[in-house]
Amino acid sequence: MIATDRPFRSVLYIPGSKPRALEKARTLAVDAIIFDLEDAVAPDEKIAARDTLAAALATGGYGPRYRIVRVNGADTPWGGDDLASAATMAPDAVLLPKVGHPDDIAAAARALPDGTAIWAMMESPAGILDAAAIARAADGLVLGTNDLAKDIGSRDAADRAPLVTALQTCVLAARAAGIPCIDGVYNAFKDEDGLRAECEQGRAFGMDGKTLIHPAQVAVANAAFAPTEAEADLARCQIAAFDAAMAEGQGVAVLDGRIVENLHVDTARRTLAKLDAIAALEG
């Protein structure tokens, strides 16, 4: 499992079949990249995409960006060979599409080297209903909101109300398992205000970051999922107030008329740890 203090603010999909996109990704300020062999690759390009992606990853140059390879499903003509190829690419993680049961993860693990991180796409009603068990078996969850909305049969809603139960279920499952949970994509990549609003909603739900479909979305996601200066200042003040209270033999502190307890200090320390992790990644 991966500590969720590691930044996953921006997680960009890159087609594994596009050399120019694979090259550009080396220069983008993203926390993680999903190198996609599934939806972003046409059927007649899927076999060649494996070789293209393998060559790009072997060349390297992606720095500290977390490298995730999304394979095709086991029920497709390409899934088995994708896993075999991914096993030789040594990515940070392999992402499985349409995970509906923890057995899907166990089956993939048998085809991968021991210790390979496996992330699960949560994009079907079956997967959402088994989210807790899937999260215990996986190393990260990624919401596939487009497929999920299709399978549910919901209509578009600006506030994503039809998906709230699924989104929160996945966050709860991820938190119980101690793994990252990444929100689904925002399709209107030129709508910066809409993206910002959805990022803020995802962060309010407890998501660690946002999957993205275009480099133009990176800056918005990075800002939305990073602690603000005000949050950092509050965290430092809470820790200082609590430490002072403890030194005086008190179990709680008061800061600006509000009680500060252990739980607030834990949150404050995580906030500062995330800031440090972001600085290390960007530095």
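Annotation: side chain of Phe35 is not in contact with side chain of Ile68 (no heavy-atom distance under 4.5 Å). In this structure, the side chains of Pro15 and Asp36 stay at 4.5 Å or more apart for every pair of heavy atoms. Contact annotation: the side chain of Asp147 approaches that of Asp39 to within less than 4.5 Å [non-hydrogen atoms, C-beta and beyond]. Contact of the Arg67 side chain with the Ile33 side chain is not registered, since no non-hydrogen atoms from C-beta on lie closer than 4.5 Å. With a 4.5 Å cut-off on side-chain heavy atoms, Leu163 and Leu143 do not count as touching. A heavy-atom distance below 4.5 Å is not found between the side chains of Val30 and Gln217.
Counting all heavy atoms, side chain and backbone alike, Leu83 lies closest to Leu96 at CD2-CD2, 4.3 Å. Nearest heavy atoms, Asn72 versus Asp82: ND2-OD2, 2.7 Å. Of all the heavy atoms in Pro64 and Leu281, the pair that sits closest is CB-CD1, 3.4 Å. Of all heavy-atom pairs between Tyr66 and Ala117, the closest is OH-CB, 4.0 Å. Minimum heavy-atom separation, Asp183 to Arg160: OD2-NH2, 2.8 Å. Taking every heavy atom of both residues into account, Ala32 and Phe8 meet most closely at CB-CD2, 4.0 Å.
Comment: Arg196 engages Asp193 in a salt bridge, judged by a side-chain N to carboxylate O separation of less than 4.0 angstrom. For Lys150 and Glu123, the salt-bridge test fails: no basic side-chain N is under 4.0 Å from an acidic carboxylate O. Here Asp243 pairs with Arg269 in a salt bridge; the nearest charged N to carboxylate O distance falls below 4.0 Å. For the pair Lys98 and Glu38, the salt-bridge criterion is met [side-chain N within less than 4.0 Å of a carboxylate O].
Figure legend: Arg26 and Tyr62 shown as a cation-pi pair, the cationic atom lying under 6.0 angstrom from the six-membered ring centre and within 45 degrees of its axis.
Residues Leu167 and Leu212 fall within the same hydrophobic cluster, defined by Ile, Leu, Val, Met, Phe, Trp and Tyr side chains chained together at heavy-atom separations under 4.5 Å. In this structure, Phe225 is a member of the same hydrophobic cluster as Leu28, with clusters built from ILVMFWY side-chain heavy atoms closer than 4.5 Å. Placement of Val41 and Leu95 in two distinct hydrophobic clusters is found when ILVMFWY residues are connected by side-chain heavy-atom separations under 4.5 Å, directly or transitively. A continuous path of ILVMFWY side-chain contacts below 4.5 Å connects Ile179 to Leu112, so both sit in one hydrophobic cluster. Residue Val218 is not grouped with residue Ile278 when hydrophobic side chains (ILVMFWY) are merged at heavy-atom distances under 4.5 angstrom, including chains of intermediate members.
The line from SG of Cys170 to CD1 of Ile134 is 8.0 Å long, rounded to the nearest 0.5 Å. Residue Ile34 holds its CD1 atom at 10.5 Å from CD1 of Ile14, rounded to the nearest 0.5 Å. Going from atom CG of Asp81 over to atom CG of Leu37 covers 11.5 Å, rounded to the nearest 0.5 Å. Between the CZ atom in Arg65 and the CG atom in Asp92 there is a gap of 12.0 Å [rounded to 0.5 Å]. For the atom pair CH2 (Trp119) and SG (Cys181), the distance works out to 9.5 Å, reported to the nearest 0.5 Å. Here the CD1 atom belonging to Ile128 is positioned 10.0 Å from the OG1 atom belonging to Thr165, to the nearest 0.5 angstrom.
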- prompt: Please walk me through it: do Leu141 and Ile182 pass side chain to side chain contact (heavy atoms under 4.5 Å, CB included)?
  reply: CA-CA 6 Å; Leu141 302 182; Ile182 313 300; over 6 Å; no
Check against side chain to side chain contact (heavy atoms under 4.5 Å, CB included), Asn187 and Asn146: CA-CA 9 Å; Asn187 296 314; Asn146 286 334; 3.0 Å; yes
From CA spacing to verdict: side chain to side chain contact (heavy atoms under 4.5 Å, CB included), Met122, Thr169: CA-CA 10 Å; Met122 305 300 287; Thr169 296; over 6 Å; no
- prompt: Given Glu231 and Arg270, is the salt bridge (charged side-chain N to carboxylate O under 4.0 Å, His left out) satisfied, shown in steps?
  reply: CA-CA 11 Å; Glu231 289 169 334; Arg270 285 199 300 272; over 6 Å; no
- prompt: Ile259 and Glu261: side chain to side chain contact (heavy atoms under 4.5 Å, CB included), yes or no, with the steps?
  reply: CA-CA 6 Å; Ile259 293 294; Glu261 299 179 273; 3.5 Å; yes
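Under a 3.5 Å cut-off, the side chain of Lys210 and the backbone N or O of Gly184 do form a donor-acceptor pair. Side chain of Ser10 to backbone of Asp31: a donor-acceptor contact under 3.5 angstrom is found. Proximity of a side-chain donor or acceptor of Asp51 to a complementary backbone N or O of Ala48 within less than 3.5 Å is not detected. No donor-acceptor pair closer than 3.5 Å links the side chain of Arg70 to the backbone N or O of Tyr13. A side-chain donor-acceptor contact under 3.5 Å links Arg175 to the backbone of Gly206. A donor-acceptor pair is defined here as one N or O able to donate and one able to accept, closer than 3.5 Å; no such pair exists between the side chain of Asp130 and the backbone of Ala126. Side-chain N or O atoms of Thr211 include one that pairs as donor or acceptor with a backbone N or O of Val185 at under 3.5 Å.
Within a 6.0 Å radius of CD1 in Ile152, more than 12 heavy atoms belonging to other residues, nucleotides or ligands are found. Within a 6.0 Å radius of CG in Asp159, other residues, nucleotides and ligands contribute more than 12 heavy atoms. Within a 6.0 Å radius of CG in Asp44, other residues, nucleotides and ligands contribute more than 12 heavy atoms.
For the residue pair Tyr186/Asp191, the side-chain donor-acceptor check at 3.5 Å is satisfied. Between the side chains of Ser124 and Asp151, not a single donor N or O lies within less than 3.5 Å of an accepting N or O.
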